[in-house]
Amino acid sequence: MKYSLPELPYKYDSLAPYIDEMTMRIHHTKHHQAYINNLNTVLEKYPRIADKKLEDLMMNLDSQPFDQKDKTVFRNNAGGHLNHSFFWTIMAPEKEIDRKLLEKIKKEFGSEDEFKKQFTASAMGRFGSGWAWLVETPDNKLQVYSTPNQDSPILKGDTPIIGIDVWEHAYYLKYQNKRLEYIENWFNVLKLI
Ligand code: MN3
């Protein structure tokens with residue numbers, strides 16, 4: 001098996017009360033693990049590309065040897081693995097403010113609040129499951145948008161800077177249907193700003 005579950009950089013209960021221990025434990029050991037298992041299974045069928053970087057495969061998805069079905073399986077599960085691996089690292093029990101990022105956000109969005117407003121609206125506007133992102137585009141601009149399912153910004157060549165998982169599995173145990181309350185609380189465990 002090529003890919004394996006990365007360890008969390010903190011304990012399962014470290015993000016409480018904003019994200020509860022059970023949600024973190026299931027999200028990491030069950031949901032993220034499932035994406036990894038499916039990713040490994042589909043890559044076994046394509047040994048020629050199995051050693052290539054996931055980001056490179058993702059950015060050139062149409063040039064890969066996947067059949068139509070496996071292309072979707074790869075897109076969903078490589079996306080799931082990359083998105084979650086990233087998600088765990090931008091959260092922490094204590095803030096580790098990225099001053100440079102914060103300055104860039106203020107410059108491009110006018111204020112931190114305006115950025116949060118746009119990011120929250122994007123996360124709220126995603127119907128069903130998906131993510132909201134702050135990305136850096138190839139010409140170094142910041143952009144907010146959301147993606148469905150496990151689609152990664154890397155598919156379009158953008159670099160994720162901040163991302164929130166708005167699948168119900170990320171918040172349902174504590175927040176049930178109250179996605180807005182989850183998003184507002186989540187900013188407390190986003191370490192970067
Ligand atoms: Mn998730």
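Every number for a ligand or one of its atoms is a count from 1 in the order of the listing. None of these values were measured; they are calculated from a predicted model.
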Flag for T137-D139: side-chain donor and acceptor within less than 3.5 Å: yes

Can a side-chain donor-acceptor contact be found between Y35 and N76 if the only test is distance below 3.5 angstrom? no

Within the 2.8 Å cut-off the protein N, O or S neighbours of the Mn ion (ligand 1) are H27 NE2, H84 NE2, D165 OD2, H169 NE2

Under a 3.5 Å distance rule, please check whether H31 uses its side chain to pair with a backbone N or O of H84 as donor and acceptor. no

Inspect the contact between E103 and R99 and indicate whether a charged nitrogen and a carboxylate oxygen are less than 4.0 angstrom apart. no

Salt-bridged, K117 to E114, with N to O below 4.0 Å? yes

Give the ring-plane orientation class for H32 versus H28, where under 30° counts as parallel, over 60° as perpendicular and anything between as tilted. perpendicular

